[in-house]
Amino acid sequence: ILARNHVGQLSFIASGKPELLPLHFVYASRRIVTRTSFGPRCSAWLEQPNVVLGVVETDGLLDWRSVVVHGTARILAANGSRADRSDYWRAVDIVRALIPEALTERDPTPERRVLLEIIPTEISGREASTRFLPR
């Protein structure tokens with residue numbers, strides 16, 4: 001589900017209250033990479049990095065699958081240690097697999113310059129289906 005889909009909702013705590021942020025993401029190498037614009041949520045992730053990502057895939061009202069990812073959020077930076085820079089450019093490549101123009105002069109959403117990596121600590125899912133119900 002994570003590999004097939006690229007839109008989800010990220011839940012986190014900001015200023016002591018729960019927030020829910022719709023976003024696009026890429027799942028690769030057991031990590032989730034997304035990008036956003038700089039703002040108060042970045043401070044929230046620095047202070048409280050525990051997040052939850054939810055993704056739902058539907059075939060109809062009663063036929064769906066979902067995944068919930070609990071994880072740790074980390075803002076990536078192009079400067080810093082060699083490892084930090086390597087992580088940042090690896091994340092850029094991951095995002096560009098979905099949006100090739102990302103973080104270039106042709107970026108369709110140039111205000112989204114902050115890269116966020118989510119390292120899953122727990123992944124679970126649910127499914128509902130009418131395929132096996134008696135008729």
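Along the sequence shown, residues are numbered consecutively beginning with 1.
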message: For the CD atom of Gln9 and the CG atom of Leu20, what is their distance to the nearest 0.5 Å?
response: 4.0 Å
task: Could you tell me which residues satisfy side-chain hydrogen bond (donor to acceptor under 3.5 Å, both in side chains) with Ser15, sequence neighbours excluded, listed by chain and number?
output: none
Glu19: partners by side-chain hydrogen bond (donor to acceptor under 3.5 Å, both in side chains), with sequence neighbours left out: none
- request: Just do the side chain to side chain contact (heavy atoms under 4.5 Å, CB included) check on Val92 and Leu115 with the steps written out, would you?
  value: CA-CA 8 Å; Val92 168; Leu115 288 176; 3.5 Å; yes
message: If you define the side chain from C-beta out and look only at heavy atoms, does anything of Glu47 sit under 4.5 Å from Ile13?
response: no
query: Linking Ile, Leu, Val, Met, Phe, Trp and Tyr by side-chain heavy atoms under 4.5 Å, what else ends up with Leu21?
result: Ile1, Leu2, Leu10, Phe12, Leu23, Phe25, Tyr27, Ile32, Phe38, Trp45, Leu46, Val51, Leu53, Val55, Val67, Val69, Ile75, Val114, Leu116, Ile118, Ile123
field: Rounded distance (nearest 0.5 Å) linking atom OG of Ser29 with atom CZ of Arg90
entry: 6.5 Å
Salt bridge (Lys or Arg N to Asp or Glu O under 4.0 Å) partners of residues 94-115, not counting sequence neighbours, each pair once: Arg35-Asp107
Under 3.5 Å donor-acceptor pairs involving side-chain atoms of residues 76-85, not counting sequence neighbours:
residue, atom, partner, partner atom, Å
Ser81, OG, Ala83, N, 3.4
Ser81, OG, Asp84, N, 3.1
Ser81, OG, Asp84, OD2, 3.3
Asp84, OD2, Ser81, N, 3.4
Arg85, NH1, Gly80, O, 2.6

Contacts of type side-chain hydrogen bond (donor to acceptor under 3.5 Å, both in side chains), residue Asn50, not counting sequence neighbours: Gln48
Within residues 64-92 or reaching into it, pairs that qualify as ring pair (Phe, Tyr, Trp, His ring centres under 6.0 Å) - sequence neighbours excluded: none
message: Using 0.5 Å steps for rounding, measure from the CG atom of Asn5 to the CZ atom of Arg65.
response: 8.5 Å
statement: Excluding Leu61, membership of its hydrophobic cluster (Ile, Leu, Val, Met, Phe, Trp, Tyr; side-chain heavy atoms within less than 4.5 Å) reads Leu62
- request: For Asp93, enumerate each residue passing the salt bridge (Lys or Arg N to Asp or Glu O under 4.0 Å) test, keeping only those at least two apart in sequence or located in another chain.
  value: none
statement: Sequence neighbours excluded, the answer for side-chain hydrogen bond (donor to acceptor under 3.5 Å, both in side chains) partners of Arg31 is Glu117
query: When Ile, Leu, Val, Met, Phe, Trp and Tyr are grouped by side-chain heavy atoms lying under 4.5 Å apart, directly or through other members, which residues fall in the same group as Ile119?
result: none
- line: CD1 of Ile94 to CD1 of Ile99, rounded to nearest 0.5 Å, is 13.5 Å
task: Under the salt bridge (Lys or Arg N to Asp or Glu O under 4.0 Å) rule, collect the residues that match up with Arg4, sequence neighbours excluded.
output: Glu57
- request: Identify whether Val52 and Val56 are in the same connected component of the hydrophobic contact network (ILVMFWY, side-chain heavy atoms under 4.5 Å).
  value: no
